[in-house]
There are 2 protein chains.
Amino acid sequence: MKNFVRIPRDLGHAIRQARREKNLTQADLATRSGVWQETISKVEAGRGGTKLDTILALLAALDLELLVRTRSKGTASDFDNIFD
Amino acid sequence: MKNFVRIPRDLGHAIRQARREKNLTQADLATRSGVWQETISKVEAGRGGTKLDTILALLAALDLELLVRTRSKGTASDFDNIFD
DNA sequence: TACGTTTATGATCTTTAGATCATTTGGAGG
DNA sequence: CCTCCAAATGATCTAAAGATCATAAACGTA
């Protein structure tokens, strides 16, 4: 069962998906994470750059975490389209 | 075989480790990634915030990638101390 | 369609990361 | 100790992110 997303391809997508699954509005997530609704809108839309701190705050509030691993391990298809 | 690190705990550490394993100086990594040596120094030391773009550039140059996944899957011990 | 809620945009201001250069500290060998 | 290279610090400047407020566009639903 796939439970990963590649960054940055689907970062905004993953965040939006996770937020919706928890029935949170951007405003809700904003209060929980300390990140502003307007910023969340941008992040979810993949518009503009973002600070690591910001995405970490969002992911934490959504009970998601970030991992690094070596690119060579595993094939692309192992992790693709998780949050289609 | 463990091949993950948790972010942000070991991000700088992971980058430094990966860089050293490839026998690259910070200056080398700088040219390859387009990120300045001074910035790399900060990132590796975990000093100050960083833009996502910057860490992605570094990770790409080191053949590392970033993944998101739900925090609940798997136990901490599965991924701890990979880049001790 | 009209209302209420959610999301997107737009403007301004503040803060901070990153570029850039110069300097310094720290190690490893000679 | 003295070089040489690598890494860290420090100052200044520019660009970009995020805070903040206000408003507009979208979307669902009664």
Side-chain angles (χ1 to χ4, degrees), chain A residues 5-68 70-71 81-84, chain B residues 5-68 70-71 81-84:
Chain A
V5 236
R6 279 231 161 72
I7 296 292
R9 223 191 81 192
D10 297 320
L11 179 59
H13 223 214
I15 288 175
R16 172 162 295 178
Q17 199 90 5
R19 177 175 62 78
R20 292 218 167 122
E21 269 160 22
K22 299 190 181 253
N23 289 323
L24 300 173
T25 75
Q26 290 184 348
D28 291 335
L29 182 54
T31 30
R32 292 180 184 222
S33 63
V35 176
W36 290 75
Q37 181 264 315
E38 295 87 337
T39 303
I40 297 175
S41 173
K42 282 194 173 183
V43 170
E44 287 189 352
R47 237 171 311 125
T50 315
K51 283 189 213 164
L52 186 56
D53 298 335
T54 302
I55 74 122
L56 287 173
L58 293 176
L59 294 179
L62 291 167
D63 200 51
L64 297 174
E65 67 181 356
L66 217 45
L67 307 169
V68 220
T70 126
R71 197 192 290 283
N81 304 316
I82 298 92
F83 292 86
D84 60 330
Chain B
V5 237
R6 278 231 161 69
I7 298 295
R9 223 189 82 193
D10 298 319
L11 179 59
H13 222 213
I15 289 174
R16 173 161 294 178
Q17 199 88 8
R19 176 175 63 79
R20 291 217 168 120
E21 270 161 22
K22 300 190 180 246
N23 290 323
L24 299 174
T25 77
Q26 290 183 347
D28 292 335
L29 182 53
T31 28
R32 293 180 184 219
S33 62
V35 176
W36 290 75
Q37 182 265 315
E38 295 87 339
T39 302
I40 297 175
S41 173
K42 283 194 170 183
V43 169
E44 287 189 352
R47 234 171 314 122
T50 315
K51 283 188 215 165
L52 185 56
D53 297 335
T54 302
I55 74 122
L56 288 173
L58 293 176
L59 294 179
L62 292 167
D63 201 50
L64 297 174
E65 67 182 353
L66 216 47
L67 307 170
V68 222
T70 126
R71 197 191 290 281
N81 305 317
I82 299 96
F83 293 85
D84 59 318

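Proteins get letters first, then strands, A, B, ... in listed order; numbering begins at 1 in each.
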Point to revise | Between OG1 on residue T70(A) and CD on residue E21(B), distance to nearest 0.5 Å | key: 10.0 Å
Check your understanding: So which of residues 25-33 of chain B are in contact with DNA chain D, with a heavy-atom cut-off of under 4.0 Å?
Key -> T25(B), Q26(B)
Review point. S33(A) and I40(A): which non-hydrogen atoms are nearest, and at how many Å?
Key: OG-CD1, 4.5 Å
Review point. Rounded to the nearest 0.5 Å, what separation is found between the CG atom of L67(B) and the CG atom of L64(A)?
Key: 12.5 Å
Exercise for review: State whether the side chain of R19(B) and the backbone N or O of L24(B) hold a donor-acceptor pair below 3.5 Å, judged by distance alone.
Suggested key: yes
**Study point:** Closest contact, heavy atoms only, I15(B) versus V43(B)
**Key:** CD1-CG1, 3.9 Å
Check your understanding: Just to confirm, is there a sub-4.0 Å distance from OP1 or OP2 of dA8(C) to any side-chain nitrogen or oxygen of R16(A)?
Key -> yes
Study note, to complete from the structure: In 5'-to-3' order, the base (B), backbone-only (S) or no-contact (-) status of each nucleotide in nucleotides 15-28 of chain C, using a 4.0 angstrom heavy-atom cut-off, is -SSSSBBB------
Point to revise | L52(B) CG to K51(A) NZ distance, which is reported to the nearest 0.5 Å | key: 12.5 Å
Practice item. Measure from CZ on R20(A) to P on dT5(C) and round the result to the nearest Å. Key: 18 Å
Practice item. Look at R47(A) and dA16(D) and indicate whether a side-chain polar atom (N or O) is within less than 4.0 Å of OP1 or OP2. Key: no
Exercise for review: Heavy atoms only: give me the nearest L29(B)-A61(B) pair and the separation to one decimal.
Suggested key: CD1-CB, 3.7 Å
Point to revise | Approximate separation, where rounding is to 0.5 Å, of I55(A) CD1 and T50(A) OG1 | key: 8.0 Å
**Study point:** Whole angstrom value for the distance that separates C1' of dA26(D) from CD of E44(A)
**Key:** 15 Å
Revision key, fill the gap. Separation of dT6(C) atom C1' from N23(A) atom CG, nearest Å, is 13 Å
